[in-house]
Amino acid sequence: ATSAGDSTLREYLQHSVTSGSGSGLPLLVQRTLAKQVTLIECIGRGKYGEVWRGHWHGESIAVKIFFSRDEESWKRETEIYSTVLLRHENILGFIGSDMTSRNSCTQLWLMTHYYPQGSLFDHLNRNALSHNDMIWICLSIANGLVHLHTEIFGTEGKPAMAHRDLKSKNILVTANGTCVIADFGLAVTHSHVTGQLDLGHNPKVGTKRYMAPEVLDESIDMECFEALRRTDIYAFGLVLWEVCRRTISCGIAEEYKVPFYDVVPMDPSFEDMRKVVCIDNYRPSIPNRWSSDSLLAGMSKLMKECWHQNPNVRLPALRIKKTIHKLASVDEKIRLDFDEVCV
Ligand code: ADP
Ligand code: MG
Ligand code: MG
């Protein structure tokens with residue numbers, strides 16, 4: 001990037017995040033963050049950039065490094081995390097954003113809490129789950145989604161938000177087996193107070209495999225915030241299916257698979273997905289064994305309500321959370337000390 005570009009970005013850091021530091025460190029502190037961090041190891045690499053584990057004041061943190069061509073994602077994610085009141089136990093903890101230069105290239109950094117267990121995708125690939133594990137994972141994601149989707153009124157409030165790229169790779173697993181929602185590069189906000197829907201400036205539209213039918217056939221009304229929230233619920237339904245496959249009953253669990261593994265290729269095209277999801281109206285199949293396990297049977301009913309073809313039939317996040325809680329409360333093997341978190 002040119003030095004002119006750099007100073008524009010620097011200005012952006014200093015002025016654009018007008019709402020203050022939101023859930024991160026004070027902005028003045030953020031501007032010296034990169035200098036205080038030592039990068040240790042790369043823990044993720046993609047088209048987007050890289051994620052590193054770094055050291056900051058003797059602590060491990062995660063550093064997401066965006067290529068300067070993906071400036072819009074970095075700006076968006078910084079903006080979203082800078083929203084007052086986004087901080088929540090089921091949302092990835094934000095430390096701050098900064099820009100720095102390595103090998104004479106501008107790098108955009110976003111620093112967050114570090115989770116050694118990595119993504120839910122990694123976790124499910126490595127581990128089968130007990131009923132208890134499964135409930136904590138699903139309930140904590142639902143809890144994070146309720147917080148994200150809900151507008152909080154007041155001077156220190158938060159707008160409602162839709163994630164638009166919910167999937168098992170964008171959910172991280174904490175040491176106690178609960179989850180946090182991550183990767184807000186595509187998130188949109190909506191406020192009833194200002195009546196404003198802020199779509200950001202990011203032309204990217206999420207992961208094809210997890211796209212709702214109304215996104216794939218382009219019938220969705222992008223001006224309608226409720227419609228965007230319902231695409232998150234669709235994706236959450238697919239995540240529930242991924243988690244339930246790994247949940248043991250009578251000593252067995254299915255192996256890990258991505259949704260639609262059986263009907264589309266590895267990197268499916270928009271058309272591949274549209275045929276399967278919109279035309280064939282196909283959804284992930286429910287293994288027979290789930291019907292003889294009351295918890296998994298309840299979860300399969302729930303996921304079908306989440307990934308329903310008709311967006312108006314899909315449940316709101318709060319209803320999903322309450323349903324999972326209710327299913328768990330009739331299973332005597334599940335620790336019920338999450339009451340205070342959940343009701
Ligand atoms: P992208 O927008 O490029 O998809 P993500 O924020 O989703 O970037 O991060 C990519 C991957 O890096 C995640 O799927 C996860 O495996 C890993 N990762 C990201 N943040 C963290 C973190 N805070 N702790 C541990 N692993 C992380
Ligand atoms: Mg991601
Ligand atoms: Mg992303």
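This chain uses plain numbering: 1 for the first residue, then up along the sequence. When a ligand or atom number is given, it counts from 1 through the structure's own listing order.
By the 3.5 Å distance cut-off applied to N or O atoms, E77 is not counted among the residues near ligand 1. Checking only distances, Y114 never comes within under 3.5 Å of ligand 1, N or O to N or O.
Residue K169 has at least one heavy-atom neighbour below 4.0 Å for each of these atoms of ligand 1: 13 (C), 14 (O). Under a 4.0 Å criterion applied to the non-hydrogen atoms of H113, ligand 1 contributes the atoms 22 (C), 23 (N). Listed by atom number, the atoms of ligand 1 under 4.0 Å from A62 heavy atoms are 22 (C), 23 (N). Every atom of ligand 1 with a heavy atom of T112 under 4.0 Å away is listed here by number and element: 23 (N).
The Mg ion (ligand 3) lies under 2.8 Å from an N, O or S atom belonging to D183.
Side-chain atoms of N170 and Y210 form no donor-acceptor pair, as typed in the model, at a separation below 3.5 Å. When only modelled atom types and interatomic distance are considered, N176 and T178 share a side-chain donor-acceptor pair under 3.5 Å. A side-chain donor from one of S130 and D133 sits under 3.5 Å from a side-chain acceptor of the other.
In this structure the side chain of V264 never reaches within 4.5 angstrom of the side chain of K275, judged on heavy atoms. Looking at heavy atoms from C-beta onward, T231 lies in side-chain contact with E214 at the 4.5 angstrom threshold.
Among all non-hydrogen protein atoms, the one lying nearest atom 24 (N) of ligand 1 is Y115 N, 3.0 Å. Among protein heavy atoms, the minimum distance from atom 3 (O) of ligand 1 is reached at Y48 CG, 2.5 Å. Closest protein heavy atom to atom 27 (C) of ligand 1: L172 CD2, 3.9 Å. Summary of contacts: the protein heavy atom closest to atom 4 (O) of ligand 1 is D183 OD2, 3.0 Å. Atom 6 (O) of ligand 1 has as its closest protein heavy atom K64 NZ, 2.8 Å. If you check which protein heavy atom lies closest to atom 26 (N) of ligand 1, you get I43 CD1, 3.7 Å. If you check which protein heavy atom lies closest to atom 11 (C) of ligand 1, you get V51 CG2, 4.3 Å.
Using modelled atom types, no side-chain atom of R274 and backbone atom of E218 make a donor-acceptor pair closer than 3.5 Å. Side-chain atoms of D98 come within 3.5 Å of backbone atoms of A34 as a donor-acceptor pair (strictly under, hydrogens ignored).
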Before giving the answer on side-chain hydrogen bond (donor to acceptor under 3.5 Å, both in side chains), spell out for Q36 and T32 the whole-Å C-alpha distance, their side-chain angles and the decisive distance to 0.1 Å. CA-CA 7 Å; Q36 306 165 19; T32 59; 3.2 Å; yes
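Taking the six-membered ring for Trp, H149 and H147 have ring centres at least 6.0 Å apart.
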